[in-house]
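All values reported here derive from a predicted model rather than from experimental measurement.
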Amino acid sequence: MAVSDEEIAHALDLFADLGLLSTRKMFGGLGIYHAGSIFAVLMSDGRLLLKGQGEMQGRFDKMGLTRWTYQREGKAPASMPYWELPDSALDDADEAVALARAAIAHL
(Lines give C-alpha, C1' and ligand atoms only; values in the text may rest on other atoms or scores of the structure.)
Protein backbone atom coordinates (compact mmCIF):
# COMPACT_ATOMS: atom_id res chain seq x y z
CA MET A 1 0.00 0.00 0.00
CA ALA A 2 1.52 3.32 -1.05
CA VAL A 3 0.98 6.69 0.59
CA SER A 4 -1.73 8.80 -0.98
CA ASP A 5 -1.31 12.22 -2.54
CA GLU A 6 -3.44 13.62 0.30
CA GLU A 7 -1.15 12.11 2.97
CA ILE A 8 1.92 13.51 1.21
CA ALA A 9 0.32 16.96 0.93
CA HIS A 10 -0.61 16.91 4.63
CA ALA A 11 2.94 15.99 5.71
CA LEU A 12 4.48 18.66 3.50
CA ASP A 13 1.98 21.25 4.76
CA LEU A 14 2.84 20.38 8.37
CA PHE A 15 6.55 20.97 7.75
CA ALA A 16 6.23 23.86 5.27
CA ASP A 17 7.75 26.43 7.65
CA LEU A 18 11.03 24.52 7.58
CA GLY A 19 11.66 25.87 4.10
CA LEU A 20 12.68 23.89 1.04
CA LEU A 21 11.82 20.21 1.42
CA SER A 22 12.37 17.30 -0.91
CA THR A 23 10.93 13.80 -0.91
CA ARG A 24 11.83 10.35 -2.11
CA LYS A 25 9.47 7.41 -2.33
CA MET A 26 10.73 4.33 -0.54
CA PHE A 27 9.23 0.97 0.45
CA GLY A 28 5.69 2.19 -0.22
CA GLY A 29 6.27 5.23 2.00
CA LEU A 30 8.05 8.53 1.63
CA GLY A 31 11.29 9.98 2.98
CA ILE A 32 11.12 13.72 3.72
CA TYR A 33 14.37 15.68 3.46
CA HIS A 34 15.58 19.10 4.58
CA ALA A 35 18.89 20.40 3.22
CA GLY A 36 19.63 16.95 1.82
CA SER A 37 19.16 15.04 5.11
CA ILE A 38 16.24 12.77 5.81
CA PHE A 39 14.43 13.91 8.96
CA ALA A 40 11.01 12.30 8.62
CA VAL A 41 9.32 9.27 7.11
CA LEU A 42 5.71 8.94 6.03
CA MET A 43 4.93 5.25 6.35
CA SER A 44 2.71 3.38 3.91
CA ASP A 45 0.12 3.00 6.69
CA GLY A 46 -0.07 6.80 7.13
CA ARG A 47 2.10 7.16 10.26
CA LEU A 48 4.43 10.16 10.25
CA LEU A 49 7.74 9.67 12.06
CA LEU A 50 10.68 11.93 12.92
CA LYS A 51 14.29 10.77 12.95
CA GLY A 52 15.91 10.83 16.36
CA GLN A 53 19.66 10.95 16.82
CA GLY A 54 21.77 11.91 19.80
CA GLU A 55 19.83 13.68 22.54
CA MET A 56 16.60 13.51 20.56
CA GLN A 57 16.32 9.77 21.16
CA GLY A 58 16.00 10.31 24.90
CA ARG A 59 13.74 13.32 24.41
CA PHE A 60 11.36 11.37 22.18
CA ASP A 61 11.35 8.49 24.67
CA LYS A 62 10.60 10.87 27.58
CA MET A 63 7.72 12.31 25.56
CA GLY A 64 6.30 8.80 25.33
CA LEU A 65 6.49 8.69 21.54
CA THR A 66 6.30 5.31 19.86
CA ARG A 67 9.51 4.10 18.23
CA TRP A 68 9.40 2.30 14.89
CA THR A 69 10.12 -1.36 15.49
CA TYR A 70 9.64 -4.40 13.36
CA GLN A 71 10.27 -8.11 13.62
CA ARG A 72 11.12 -10.59 10.91
CA GLU A 73 10.12 -14.20 11.37
CA GLY A 74 12.64 -16.04 13.49
CA LYS A 75 14.53 -12.85 14.35
CA ALA A 76 14.68 -10.58 17.38
CA PRO A 77 12.74 -7.30 17.21
CA ALA A 78 14.68 -4.44 15.63
CA SER A 79 14.27 -0.72 16.28
CA MET A 80 14.78 2.05 13.79
CA PRO A 81 15.77 5.60 14.82
CA TYR A 82 12.32 7.05 14.07
CA TRP A 83 9.50 8.03 16.44
CA GLU A 84 5.84 8.73 15.62
CA LEU A 85 4.74 12.34 15.88
CA PRO A 86 2.35 12.87 18.78
CA ASP A 87 -1.30 13.08 17.73
CA SER A 88 -1.38 16.74 18.78
CA ALA A 89 1.37 17.60 16.26
CA LEU A 90 -0.52 15.99 13.39
CA ASP A 91 -3.01 18.87 13.57
CA ASP A 92 -0.62 21.60 14.74
CA ALA A 93 2.03 22.74 12.26
CA ASP A 94 3.76 24.87 14.92
CA GLU A 95 4.25 21.83 17.16
CA ALA A 96 5.28 19.61 14.23
CA VAL A 97 7.83 22.15 12.99
CA ALA A 98 9.26 22.73 16.48
CA LEU A 99 9.82 18.99 16.90
CA ALA A 100 11.24 18.68 13.39
CA ARG A 101 13.66 21.60 13.96
CA ALA A 102 14.89 19.98 17.17
CA ALA A 103 15.33 16.65 15.38
CA ILE A 104 17.16 18.28 12.45
CA ALA A 105 19.53 20.05 14.85
CA HIS A 106 20.72 16.63 16.06
CA LEU A 107 21.24 15.00 12.64
Side-chain angles (χ1 to χ4, degrees):
M1 167 194 230
V3 293
S4 69
D5 291 340
E6 292 80 19
E7 290 169 320
I8 294 170
H10 179 252
L12 294 177
D13 284 346
L14 272 179
F15 297 128
D17 284 350
L18 292 172
L20 185 61
L21 300 173
S22 59
T23 62
R24 183 178 308 159
K25 289 188 177 186
M26 54 179 61
F27 310 114
L30 188 78
I32 305 172
Y33 296 77
H34 179 266
S37 294
I38 189 168
F39 75 93
V41 174
L42 178 58
M43 303 294 285
S44 61
D45 61 8
R47 292 178 295 150
L48 187 55
L49 300 95
L50 288 177
K51 188 170 189 177
Q53 291 188 310
E55 295 175 16
M56 288 308 295
Q57 292 182 346
R59 182 174 170 192
F60 287 157
D61 286 338
K62 285 180 185 174
M63 292 175 67
L65 302 184
T66 303
R67 190 169 187 175
W68 174 16
T69 59
Y70 66 94
Q71 186 171 4
R72 291 198 171 115
E73 189 174 329
K75 304 281 184 177
S79 296
M80 299 296 289
Y82 292 88
W83 283 257
E84 290 182 41
L85 273 178
D87 289 341
S88 58
L90 294 173
D91 294 319
D92 183 344
D94 291 336
E95 182 181 0
V97 167
L99 287 169
R101 282 192 175 123
I104 290 166
H106 290 87
L107 295 181

Kindly compute the distance separating [atom1] ([X]) from [atom2] ([Y]), expressed to the nearest 0.5 Å.
X	Y	atom1	atom2	result
Ser79	Trp68	OG	CH2	11.0 Å
Thr23	Ile8	OG1	CD1	6.5 Å
Met26	Leu42	CE	CG	11.0 Å
Ile32	Ser37	CD1	OG	14.0 Å
Met56	Leu50	CE	CG	7.5 Å
Asp94	Ser88	CG	OG	11.5 Å

> Passes side chain to side chain contact (heavy atoms under 4.5 Å, CB included), Trp83 versus Gln57? Steps please.
Replying inline: CA-CA 8 Å; Trp83 283 257; Gln57 292 182 346; 3.4 Å; yes
> Looking at Leu20, Leu107, Leu18, which hits side chain to side chain contact (heavy atoms under 4.5 Å, CB included) with His34?
Replying inline: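 Of all the options given, the one that passes is Leu18.
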Is there a donor-acceptor pair under 3.5 Å between the side chain of [X] and the backbone N or O of [Y]?
X	Y	result
Arg67	Met80	yes
Gln71	Lys75	yes
Glu7	Ser4	yes

>> The test is side chain to side chain contact (heavy atoms under 4.5 Å, CB included); show your working for Tyr82 and Thr69 and say whether it passes.
In response: CA-CA 9 Å; Tyr82 292 88; Thr69 59; over 6 Å; no
> Taking only residues two or more places apart in sequence or in another chain, which ones pass side chain to side chain contact (heavy atoms under 4.5 Å, CB included) with His10?
Replying inline: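 For His10 the side chain to side chain contact (heavy atoms under 4.5 Å, CB included) partners, ignoring immediate neighbours, are Leu14.
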> Listed by chain and number, what are the side chain to side chain contact (heavy atoms under 4.5 Å, CB included) partners of Arg24, not counting sequence neighbours?
Replying inline: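 Side chain to side chain contact (heavy atoms under 4.5 Å, CB included) list for Arg24, sorted by chain: Tyr33.
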> Does the side chain to side chain contact (heavy atoms under 4.5 Å, CB included) test come out yes or no for Leu85 and Leu99, once each step is laid out?
Replying inline: CA-CA 8 Å; Leu85 273 178; Leu99 287 169; 4.1 Å; yes
>> Applying salt bridge (charged side-chain N to carboxylate O under 4.0 Å, His left out), can you list everything that pairs with Arg47, at least two apart in sequence or on another chain?
In response: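 Arg47 satisfies salt bridge (charged side-chain N to carboxylate O under 4.0 Å, His left out) with Asp45, Glu84 only.
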> Would you say the side chain of Phe60 lies within less than 4.5 Å of the side chain of Leu65, judging by non-hydrogen atoms?
Replying inline: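 Answer yes - side chains close enough.
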>> Working note: Leu21 + Phe39, criterion side chain to side chain contact (heavy atoms under 4.5 Å, CB included); need CA distance, chi angles, decisive distance, verdict.
In response: CA-CA 10 Å; Leu21 300 173; Phe39 75 93; 3.8 Å; yes
> What are the two closest non-hydrogen atoms of Gly28 and Ser44, and how far apart are they?
Replying inline: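 In this case the closest contact between Gly28 and Ser44 is O-CB, 3.4 Å.
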